[in-house]
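Basis for what follows: all heavy atoms, side chains included, without hydrogens, waters or symmetry-related copies. Being a predicted model, the structure only gives us computed values, none of them experimental. Counting starts at 1 for both ligands and their atoms, following the listed order.
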Amino acid sequence: MHISESAPLVVIGAGLGGLSAAIHLVAAGERVVILEQNTAVGGKMSLLQADGFTWDCGPSVITMRPALENLFAAAGRRLADYVTLSPVAPLTRYFYPDGTVFDATRDLPDMLRQIAAFAPHDVEGYLAFLSHAAALHRVAGQLFIYNDPPTLASAFGIPLRDVLKVDIWRTMHGAHRTYVRSPKLQQLLGRFATYVGGSPYQTSAVYNVIAHVELSDGIWYPQGGAYQLARAYQRLAEELGVEIRTGSRVTGITVKEGCARGVSLADGDYLEARAVIANVDVTTVYRELLPPEIALRRRRSLSRIEPSGSGFALLLGIEGTFPALAQHNIFFSSDYRREFEALFRRRIVPREATIYVTATSKADPEHAPEGCENWFVLVNAPPIGPEFDWELEAGAVADAILAQLADYGYDVRSRLRCQYHLTPRDIAEHTGAWRGALYGLSPNDPLNVLRRPINRASEVRSLYFAGGTTHPGGGVPMVTLSGGVAARMALADLLKAD
Ligand SMILES: Cc1cc2nc3c(=O)[nH]c(=O)nc-3n(C[C@H](O)[C@H](O)[C@H](O)COP(=O)(O)OP(=O)(O)OC[C@H]3O[C@@H](n4cnc5c(N)ncnc54)[C@H](O)[C@@H]3O)c2cc1C
């Protein structure tokens with residue numbers, strides 16, 4: 001079938017995965033157009049400015065710095081020339097209902113001193129857990145994160161003694177119990193399950209790699225706020241010649257003779273494409289963008305798989321400053337197991353939730369008027385479903401969060417200059433995330449690691465996926481890696497076709 005040589009490679013979506021794919025493709029000499037439905041790039045990484053405040057509305061915990069640096073290096077540039085990443089210390093300040101405050105840190109002697117203060121018997125166990133997580137990262141990282149999607153052949157390429165380290169069949173909590181006895185430490189380590197939208201009591205222990213990535217390698221703050229990272233990717237892409245068309249909603253992918261050959265836009269335009277890279281949630285691609293006759297079976301099977309958790313965020317403009325808060329703060333619920341039962345078995349937001357609070361105005365004072373702070377407050381939420389009606393419940397959830405913070409000594413209710421919220425429905429609408437999921441398929445089912453769609457569509461040639469719902473998964477560094485995988489696959493196929 002004839003396709004014009006001058007037709008570009010089309011990326012649908014300017015989330016970080018889409019921008020990453022575009023950067024890799026343009027760096028390899030391809031012409032690339034990104035079509036983004038919103039007026040700004042970044043997808044789940046977004047920004048709200050109102051009432052003199054600026055809030056990062058999406059990711060705020062940035063880990064795996066080398067994954068970001070490697071994207072810029074692939075284009076012959078340095079990340080540091082586009083955005084400054086500063087190490088965050090402490091990593092996170094944890095507040096427990098009994099009044100304990102614990103600063104998780106990469107500084108091992110400091111970390112061990114704090115553990116010794118409330119759980120002396122767990123000092124050795126914590127060290128053993130860190131070594132376990134580092135070993136897991138070495139093996140599982142090669143299999144599940146840093147290379148192309150895993151296959152039987154790649155699994156067989158790993159020595160048996162290493163395969164046994166890939167801790168798939170236990171739960172994260174099951175593994176934590178074997179290393180540390182303190183419920184507080186177990187709760188702290190269990191929280192990393194939420195980085196992939198799961199429960200520590202269900203998510204496979206292989207995800208303990210996250211503990212290694214954060215507790216040993218650290219968290220980074222992009223100066224000016226997390227959204228500076230999206231701006232950095234955008235600037236690099238545009239400097240290299242990527243054309244980014246915002247306000248361009250794709251309504252369909254045209255398939256001719258089994259190949260993705262173009263896209264239709266909401267304004268009636270049609271754009272021919274030598275290949276299409278979808279940064280949209282893969283389930284949404286099958287449900288909404290591909291012709292039903294091609295994708296019916298896959299659409300049904302993907303729609304049936306439980307997606308990861310979502311989130312409910314409060315954006316608060318608060319009078320006053322709170323020196324006792326660190327950059328990242330967690331206020332734990334008193335019954336972690338019950339909280340996750342509510343989220344993932346009953347699929348509701350628990351009345352008592354674990355609450356994350358960050359205020360970028362601490363590092364960037366211009367994000368709030370003088371004497372004020374810009375709190376971004378996040379709780380876990382189930383993916384959108386019939387069990388929980390956000391239209392009815394959002395106000396009550398917001399009130400419960402504010403009341404719970406008050407119980408912790410942070411009663412900001414009389415100091416609010418402004419208050420906005422973001423529900424899973426808003427996230428779904430803004431980014432196309434199926435059921436508002438933040439991280440693709442649910443990690444609560446260990447088999448979903450194997451069910452995750454790979455970056456090359458199996459039903460349609462010349463169609464590739466980049467982003468959190470494909471390999472290697474969700475989160476800022478992971479989607480950055482996924483762009484590289486999708487681009488590699490597209491370039492290899494284009495080379496074969498020439
Ligand atoms: C509240 C929140 C907190 C988070 N916290 C963290 C964190 O602390 N650390 C971390 O690493 N990760 C975090 N994440 C997850 C992280 O933000 C995502 O994994 C990542 O940004 C997703 O990138 P993506 O490439 O999958 O694309 P997305 O961000 O999903 O973007 C997809 C893009 O495609 C566009 N699009 C969709 N449909 C169409 C269409 N039909 N036509 C044109 N364009 C379309 C969308 O508008 C969007 O811009 C958080 C996410 C949220 C929402």
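In this structure, Phe344 CZ and Ser308 OG are separated by 7.5 Å, a value rounded to the nearest 0.5 Å. The distance from atom OG1 of Thr105 to atom CZ of Phe102, rounded to the nearest 0.5 Å, is 9.0 Å. Atom OH of Tyr356 and atom NE2 of His328 lie 4.5 Å apart (nearest 0.5 Å). In this structure, the separation between CZ on Arg274 and OG on Ser462 is 9.5 Å, given to the nearest 0.5 Å.
Given atom 41 (N) of ligand 1, the protein heavy atom at minimum distance is Val250 O, 2.9 Å. The single protein non-hydrogen atom nearest to atom 35 (C) of ligand 1 is Glu36 OE1, 3.4 Å, given as residue, atom name and distance. Among all non-hydrogen protein atoms, the one lying nearest atom 37 (C) of ligand 1 is Thr431 O, 3.3 Å. In terms of protein heavy-atom proximity, atom 53 (C) of ligand 1 is nearest to Leu438 CD2, 3.4 Å. Ranking protein heavy atoms by distance to atom 24 (P) of ligand 1, first place goes to Asn279 ND2, 3.6 Å. The protein heavy atom nearest to atom 29 (O) of ligand 1 is Lys44 N, 2.7 Å. In this structure, the protein non-hydrogen atom closest to atom 43 (C) of ligand 1 is Gln37 N, 3.3 Å. In terms of protein heavy atoms, atom 19 (O) of ligand 1 is closest to Gly475 N, 2.8 Å.
Within the structure, ligand 1 lacks Ala466 among the residues with a heavy atom less than 4.0 angstrom away. Distances from ligand 1 to the non-hydrogen atoms of Gly58 include at least one value under 4.0 Å. Contact annotation: Gly440 has no heavy atom less than 4.0 Å from any atom of ligand 1. Under a 4.0 angstrom heavy-atom cut-off, Ser60 registers as being in contact with ligand 1.
If you look at Tyr195 next to ligand 1, there are no close heavy atoms at all, none under 4.0 Å. Contacts of Val61 with ligand 1, taken as heavy-atom pairs under 4.0 Å, involve both backbone and side chain. Neither the backbone nor the side chain of Met478 has any atom closer than 4.0 Å to an atom of ligand 1 (non-hydrogen atoms only). Residue Ala433 does not touch ligand 1, judged by heavy-atom distances below 4.0 Å. If you look at Leu35 next to ligand 1, the close heavy atoms, those under 4.0 Å, all belong to the backbone. With a 4.0 Å cut-off on non-hydrogen atoms, Ser482 does not touch ligand 1 at all.
Close approach of ligand 1 to Arg249 is summarised as follows: ligand atoms under 4.0 Å from at least one heavy atom of the residue are 41 (N), 42 (N). Set against the non-hydrogen atoms of Leu16, the atoms of ligand 1 under 4.0 Å away are 25 (O). Heavy-atom proximity to Gly17, at under 4.0 Å, picks out these atoms of ligand 1: 25 (O). Counting atoms of ligand 1 from 1 in the listed order, those under 4.0 Å from a heavy atom of Gly43 are 29 (O), 31 (O), 48 (C), 49 (O). For ligand 1 and Cys57, the ligand atoms under 4.0 Å from any heavy atom of the residue are 1 (C). Each of the following atoms of ligand 1 lies closer than 4.0 Å to a heavy atom of Asn38: 47 (O). Atoms of ligand 1 lying under 4.0 Å from at least one heavy atom of His430, given by number and element, are 46 (C), 47 (O). Near Gly42, meaning under 4.0 Å from any of its heavy atoms, are these atoms of ligand 1: 29 (O).
In this pair, Tyr201 and Tyr336 present their aromatic rings perpendicular. The plane angle is above 60°, beyond the 30 to 60° band. In this pair, Phe465 and Tyr286 present their aromatic rings tilted. The plane angle is within the 30 to 60° band. Using cut-offs of 30° and 60° on the angle between ring planes, the pair Tyr146 and His137 is perpendicular.
Side-chain atoms of His176 and Asn208 include a donor-acceptor pair closer than 3.5 Å. For the 3.5 Å distance criterion, the side chains of Asp426 and Tyr420 fail to qualify, holding no donor opposite an acceptor.
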message: Please evaluate residues Thr54 and Glu366 with respect to the criterion side-chain hydrogen bond (donor to acceptor under 3.5 Å, both in side chains), reporting the C-alpha separation (whole Å), side-chain torsions for both, the decisive distance (0.1 Å), and the verdict.
response: CA-CA 8 Å; Thr54 298; Glu366 67 279 12; over 6 Å; no

- prompt: Should Thr360 and Asn374 be marked as a side-chain hydrogen bond (donor to acceptor under 3.5 Å, both in side chains) after you check the CA-CA gap, both sets of side-chain angles, and the distance that decides it?
  reply: CA-CA 7 Å; Thr360 57; Asn374 65 339; 2.7 Å; yes

Verdict with supporting geometry, Arg77 and Tyr82, side-chain hydrogen bond (donor to acceptor under 3.5 Å, both in side chains): CA-CA 9 Å; Arg77 308 292 171 98; Tyr82 290 76; 2.8 Å; yes

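In this structure, Arg417 forms no cation-pi arrangement with Phe53, as its terminal cationic atom is not both closer than 6.0 Å to the ring centre and no more than 45° off the ring axis. Taking the ring axis of Trp390 as reference, the NZ or CZ atom of Arg425 does not stay both within 45° of it and closer than 6.0 Å to the ring centre.
The option from Asp281, Thr251, Val476 that lies nearest to atom 11 (O) of ligand 1, judged by heavy atoms, is Val476.
Applying the salt bridge (Lys or Arg N to Asp or Glu O under 4.0 Å) rule to Asp445 yields the partners Arg451; only residues at least two apart in sequence or on another chain are considered.
Just one residue in the list Phe95, Tyr94, Tyr96 forms a ring pair (Phe, Tyr, Trp, His ring centres under 6.0 Å) with Phe331, and that residue is Phe95.
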